[in-house]
Amino acid sequence: MDLIDHIEIYSLQGPEQKKPFWVSHFIVPNANELLIKIKTKDGVEGFGMATSYTDITPILKPFTNGLADHIMGMNPYQPEEIYNKLFNLTDTRISNEKKWSRESLIRISSAVDIACWDIIGKKAGLPLYQIFGGFRDKVPCYVTCAYYQDGKDNAQLKDEIQKLVAEGHQGFKGKVGGLSLEEDIKRMQIIRDVIGPDKDLMIDVNRAWDLKTAIQACKLLEPLNPTWLEEPLRWADDRRQTTLLAKQTSIPISGGESEITSYGCRSFIEEGAIQILQFDVTMFGGFTHGKKLTALCELNHVDVAPHHDCYIHAQLVASSPAGRIVESFPDPERDPLQAELFSNPPEIKNGWLTLNKEPGLGLTLSPSAMKKFGTLIYQSKK
């Protein structure tokens, strides 16, 4: 039987930001990810990634005190079994004794799951989007932009958007929630004026507003014809309040990236709170639950527009009629991993990402980028 025979764990860290990229209330790291490589006895290798917006040390720690033993010797062609085994460690005595946090196990289970599916695709000789359903081989792709940065004024914002338009982008997501409504509406008006009436304008609040502010903001934003309003409400009661907000605006609401399990995303769908789901398989669920959420969205007439990691999420978006669009970060200062991590990145041109034909994830890690950004944390004995 072809079992997992070797594991390597890396921390991927970007350089210190000269001018940090702020959203409404926190700095977004330019790179802060766990990367896992697993190899089978017959030499098939796959990789997966887990993203963190907080200190990544707790996600790395379990590999220094025994977690790899729970993965070694398992069958990568049974991803449901492996995912459930790792996820279920969140409620065990051993996780408490070894101080494996719930969040770290969820992130790790996702990265391992992605790596297993990469191996499955390579063994089958098929790209994952075909294994998952094969609806199409290219997907729409938008750019996230208009971050807050110290000293950045509206003239610089206008220059930024003009540059992105010149590069051929067709969809633009701007950040709000960090300034007054008046100031943020003005910033979004600048984007709309630059991109024109026909290109997509998404607006991301990053959970900054209370319900009253969100209702007022929607009225002010409606003339700009936003494609969606993303995570508009504060975390404490966002599912219920998002349901209430959706009933009072014509702007489609999106969300889901800040959930820590697939079950939170299911609740958003069941309550009719959102029209676009933005789960992230590198933060929870992996492809195993990403497939399930995609199917759930299709059956409930909700679009799939995952958060971050466009080259990974494109496999799911391309697999289903529910797949709508992927998110990209073309500025290497914001996301050097998108720019450099893969030696064969899929082409992004004129608002479309065309998937690679290579099997599995279809991605080859760049040795120079791994050397530049990666630190080896753990490897199993050979």
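Across every non-hydrogen atom of Tyr129 and Gln315, the tightest pair is N-OE1, 2.7 Å. In plain terms, the two heavy atoms of Leu105 and Leu86 that are nearest each other are CB-O, 4.3 Å. Nearest heavy atom pair, residue Leu157 against residue Lys152, reads CA-CE, 4.2 Å.
Between Lys173 and Asp200 no salt bridge is recorded (no basic side-chain N to carboxylate O distance below 4.0 Å). Remark: Lys122 engages Asp118 in a salt bridge, criterion side-chain N to carboxylate O under 4.0 Å. Under 4.0 Å is where a charged nitrogen must lie from a carboxylate oxygen, and between Arg187 and Glu183 no such pair does. For Asp204 and Lys175, the salt-bridge test passes: some basic side-chain N is under 4.0 Å from an acidic carboxylate O. Under the 4.0 Å criterion applied to side-chain N and carboxylate O atoms, Arg239 and Glu259 are assigned as salt-bridge partners. Salt bridge status for Lys123 with Asp42: present, with a side-chain N to carboxylate O gap under 4.0 Å. Salt-bridge check for Lys85 with Glu81: failed, with every basic side-chain N at 4.0 Å or more from each acidic carboxylate O.
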Could you give me the CA-CA distance, side-chain angles and deciding distance for Asp331 and Lys163, then say whether salt bridge (charged side-chain N to carboxylate O under 4.0 Å, His left out) is met? CA-CA 11 Å; Asp331 183 349; Lys163 179 175 181 289; over 6 Å; no
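Checking side-chain atoms of Ser52 against main-chain N and O of Ile56 turns up no donor-acceptor pair under 3.5 Å. Of the possible donor and acceptor atoms, one in the side chain of Glu160 sits under 3.5 Å from a partner among the backbone N and O of Ala146. Within the 3.5 Å criterion, the main-chain N or O of Glu80 finds a donor-acceptor partner in the side chain of Asn84. A donor-acceptor pair is defined here as one N or O able to donate and one able to accept, closer than 3.5 Å; no such pair exists between the side chain of Asn300 and the backbone of Glu270. Panel note: side chain Asn206, backbone Val23; no donor-acceptor pair is recorded below 3.5 Å. Panel note: side chain Arg324, backbone Leu277; no donor-acceptor pair is recorded below 3.5 Å. Checked by atom type and distance alone, the side chain of Ser328 never pairs as donor or acceptor with a backbone atom of Pro330 at under 3.5 Å. No donor-acceptor pair under 3.5 Å is formed between the side chain of Glu45 and the backbone N or O of Ile38. The main-chain N or O of Trp228 is never found under 3.5 Å from a side-chain atom of Gln275 such that the two would form a donor-acceptor pair.
Two residues are said to be in side-chain contact when any heavy atoms from C-beta on lie closer than 4.5 Å; Phe329 and His308 meet this criterion. Using a 4.5 Å cut-off on side-chain heavy atoms (C-beta onward), Val281 and Pro306 make no contact. Looking at Lys186 and Asn154, their side chains come closer than 4.5 Å, going by heavy atoms from C-beta outward. Side-chain atoms of Val139 and His313, non-hydrogen and from C-beta on, never get closer than 4.5 Å to each other.
Using modelled atom types and a 3.5 Å distance limit, the side chains of Glu33 and Thr282 yield no donor-acceptor pair. Between the side chains of Thr354 and Glu347, not a single donor N or O lies within less than 3.5 Å of an accepting N or O. A side-chain donor from one of Gln13 and Ser11 sits under 3.5 Å from a side-chain acceptor of the other. For the residue pair Thr249 / Glu222, a side-chain donor-acceptor distance below 3.5 Å is found, with atom types taken as modelled. Between Asn344 and Tyr311, the side chains place no donor N or O within less than 3.5 Å of an acceptor N or O (distance only, hydrogens not considered).
Environment of NZ in Lys219: sparse, with no more than 12 heavy atoms of neighbouring residues, nucleotides or ligands closer than 6.0 Å.
Taking the six-membered ring where the residue is Trp, Phe172 and His169 present perpendicular rings, their angle passing 60° and hence far from 30°.
Considering only residues two or more places apart in sequence or on other chains, Phe21 meets the ring-ring contact (aromatic ring centres under 6.0 Å, His included) condition with Tyr147.
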